[in-house]
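The structure under discussion appears below in the form of structure tokens.
In what follows, every chain begins at residue 1, and chains take the letters A, B, ... in the order their sequences are listed. Any value given below was found using the heavy atoms of this structure, including those in side chains, with hydrogens, waters and symmetry copies removed.
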There are 2 protein chains.
Amino acid sequence: MTDTVSRRHHVVVIGSGFGGLFAAKRLKRAGVDVTMISRTTHHLFQPLLYQVATGILSEGEIAPAAREVLRRRKYLEILLGDVTDIDLDAHTVTSVAGDASTVTPYDSLIVAAGATTSYFGHDEFAANAPGLKSVDDALELRARILAAFEYAELEADEKARDEWLTFAVVGAGATGVEMAGQISELAHRTLVKEFRRIDTRRTRIVLVDALDDVLGTFGTKLSAGAARQLEKMGVEVWLSERVVDVDDHSITVEDRSGARTRLPARTVVWAAGVQASSLTKTLAEQSGAELDRGGRVKVQPDCTLPGHPDVFVIGDMMSLNDYPGVAQVAMQQGKYAADAIRGRLRHKPEPKPFHYFDKGSMATISRFRAVASIGPFRFGGFIAWVLWLIVHIMYLVGFKNRVTTVLHWAVSFIGRGRAQRAVSDRLMISRSTPSTTSQPS
Amino acid sequence: MTDTVSRRHHVVVIGSGFGGLFAAKRLKRAGVDVTMISRTTHHLFQPLLYQVATGILSEGEIAPAAREVLRRRKYLEILLGDVTDIDLDAHTVTSVAGDASTVTPYDSLIVAAGATTSYFGHDEFAANAPGLKSVDDALELRARILAAFEYAELEADEKARDEWLTFAVVGAGATGVEMAGQISELAHRTLVKEFRRIDTRRTRIVLVDALDDVLGTFGTKLSAGAARQLEKMGVEVWLSERVVDVDDHSITVEDRSGARTRLPARTVVWAAGVQASSLTKTLAEQSGAELDRGGRVKVQPDCTLPGHPDVFVIGDMMSLNDYPGVAQVAMQQGKYAADAIRGRLRHKPEPKPFHYFDKGSMATISRFRAVASIGPFRFGGFIAWVLWLIVHIMYLVGFKNRVTTVLHWAVSFIGRGRAQRAVSDRLMISRSTPSTTSQPS
């Protein structure tokens, strides 16, 4: 390997998400060696993470091993590692896994480390309000959501029981809406005949957002429709309410007038914001590049770091033309960066500035209902849902699990069941409950 | 619920394993109310746990929610809880979940809490040598096994790399043989093209047992065949070797002459022994019943606790006629106990002593190879494997995931892949490695 690297142009890709994966694939036959460094061993299909959190899909179905996806690519090696430093002068990347520290030199660098959950300066909320960005997050939420019904069943005190049966979802973007919708499906369909002491249909689901609209990016008409649909499903939609506190028994929100409301709830899902990987700070310090409010690096029109044409920053880590933090942008920028590197090696003229081709966006609200925004077209309901289904099956093509995914969807959308309700025994049995002791029967 | 309970005979079932599940189902139309208390929310199909640990199946496929399996049974309620006390005089069961303590009175009690991993008095081995009894165990082992290859790839020092590429499996019963065989399949088929710096075919897998045979219960002829087959797969079989020490870098074994051998290995799987749930102590103290070496309660011929005809102890927790600790015994005793209770309520004569009908046993060694022992017949190879396949698909019938399971088997047995390699990011990235720093490329 070592000799090879010294002979051929060496591209280091940080991250195995959409940006990193598409960049690495696109570098095929570019005459380069590629080292992908990732803190996880899988490529995560994040848009379906909410289905893992609500027991529809297994983690393996949306997180195939990156090594398996990229197995045949001899020009590529993958290293497990959490990147702790990038030295733009020395052209090296330092990564750590366990106690093993690795320094990898690069000729070109593609930084695609993505984003994490943002608590807007209130990281103390994290313990009681997990986000939904990783496999661990999804399995943690799956355990908390299913445990809440178990503990409600054990709870003799009605007030305490209601706290267990109240779910707060913070953030009314696609993820928040999908989580609220799926918790409602669990309560009203999947679990409805399974408990004896509680009526899961009495579950209270509150979707909170500081803005004035649900799924704001889809336009007011669809937003209003989505809100109506959610309310039909028993989801309370609280808009223009900012979350100012989260503890293990409640959340507190504040409206524009400063009036506060405390909502007793034992389960809180945080789908409110994302924050670029902290690697953007490392890059900014050394290059003088600016960061935006979300911690994203303001990149050049060609997605490079100012003053460092050999360093591309893509996906959720970069800020350019207000492009949204979605998979499509990351994929297209991954390909763009790969093509730019290939072009340079062949002494082609520099590429045109990156332009995002928006193929549209979609969000599911419930089974059979979604909203879609494609070019000038904005529509909702069953047709949007069928489109959502087709597009996601298409995107899953290439993943070994698309077949089982479709089967699990049939189980959950046509049937009432959930195939993936297994959770960590430890997380389940140790979920903390009110100190009041119940003495059923 | 409360009134109902006070009116009808109330059966409490402890455990949602094979014994508890079959007892609870069998009590249908017995005119009783049943409360099942379990520390997990799923019914675990333990015989396939090794396939979750090695990335073939998802945890959900072998651990469907007990509430879903038993949904339609109105006479039955399920309570999450770790049983901390049984009071035979007061006829009550105390269970704890989180901070919630629940006391449940019973008229008849079926104790089927199963068994846990036994380290034969060396519980300090547990941290470095996880057992394989729960979903958590399987996911922990999946992460450790897959992480070992990742850390080997990162390791510049050859000796340290070899430690990562050495796997010790302690216990040459069905689980140990299946784990060793599957780790070999991973190293020689699944992962073979995925790494650049290591050759996974150089993986060393050592199967250790204190006894003289692999799969001893299948008879010397099949044992010898199984050992040969394992060695063909690159598994070293160390027999008549007792494990006397396990640390985070090695295991130490001792032969009958007292000679010790240290095997450097970073990954150890403990499949050596089981130990009945500690509830057997509670039962023994109050009833004076004897416990055997494995902590099992010596029960009456009708599976009841001596002096307590209203308390049945079944499955891995009981000792009777040297019946083995297998699913079949637990299932049959669950039905037997349910029928005994039903019979008494109808004033029928006491049932005949429990007799175990041995339908035979099977163990897989590799894809396409298994051993089977059915009545007088003992045979191995492909036919035994086909039989294994049919029987397990049959047993999975009733579980929603049998379809996807068969698909995942096709992926793994016909193909080379593993559909379920996703692991906890946290477990993967924090797996400890030698302090020597590597500087690849």
Subject >> Minimum heavy-atom distance B:S58-A:Q420, with the two atoms named >> reply: OG-NE2, 3.0 Å
Subject >> Interchain contact, A:V96 with chain B, by part (heavy-atom threshold 4.5 Å) >> reply: backbone
Original post:
What do the steps show when you test B:L79 against A:R196 for side chain to side chain contact (heavy atoms under 4.5 Å, CB included), and what is the final call?
Top reply: CA-CA 10 Å; B:L79 298 180; A:R196 302 292 176 256; over 6 Å; no
Subject >> Per-residue contacts, residues 139-147 of chain A versus chain B, heavy atoms under 4.5 Å >> reply: A:L139, A:R142
**OP:** Answer with side chain, backbone, both or neither: which region of A:S424 has an atom nearer than 4.5 Å to a non-hydrogen atom of chain B?
**Re:** both
Original post:
What is the distance from atom OG1 of B:T41 to atom CD of A:E150, rounded to the nearest 0.5 Å?
Top reply: 5.5 Å
Original post:
Side chain, backbone, both or neither: which part of B:I78 has a heavy atom under 4.5 Å from chain A?
Top reply: backbone
**OP:** Report the residues that fulfil side-chain contact (heavy atoms from CB on, under 4.5 Å) with A:T94, sequence neighbours left out, ordered by chain and then residue number.
**Re:** A:T84, A:D85, A:S101, A:V103
Subject >> Contacts of B:R73 that satisfy side-chain contact (heavy atoms from CB on, under 4.5 Å) - sequence neighbours left out >> reply: B:K25, B:K28, B:L70, B:Y75, B:L76
Original post:
So, the side chain of A:D425 versus the backbone of B:R39: is there a donor-acceptor pair under 3.5 Å, distance only?
Top reply: no
**OP:** Please examine the side chains of B:M428 and A:L80, heavy atoms only from C-beta on, and report whether any two atoms are closer than 4.5 Å.
**Re:** yes
**OP:** Taking the side chain as every heavy atom from C-beta outward, state whether B:R67 and A:L191 have any pair of such atoms under 4.5 Å apart.
**Re:** no
**OP:** Heavy atoms only, distances under 4.5 angstrom: which of A:K193, A:E59, A:R72 has the most pairs with chain B? Name it, please.
**Re:** A:E59
Original post:
Considering all heavy atoms of both residues, which atom of A:T102 and which atom of B:L154 are nearest to each other, and what is their separation?
Top reply: OG1-CD2, 3.9 Å
Original post:
Who are the side-chain contact (heavy atoms from CB on, under 4.5 Å) partners of B:A65, not counting sequence neighbours?
Top reply: A:R421, B:E68
Subject >> Nearest-0.5 Å distance, OG of residue B:S38 to CD1 of residue A:I429 >> reply: 8.0 Å
Subject >> A:A63 versus B:A422, closest heavy-atom pair with distance >> reply: O-CB, 3.7 Å
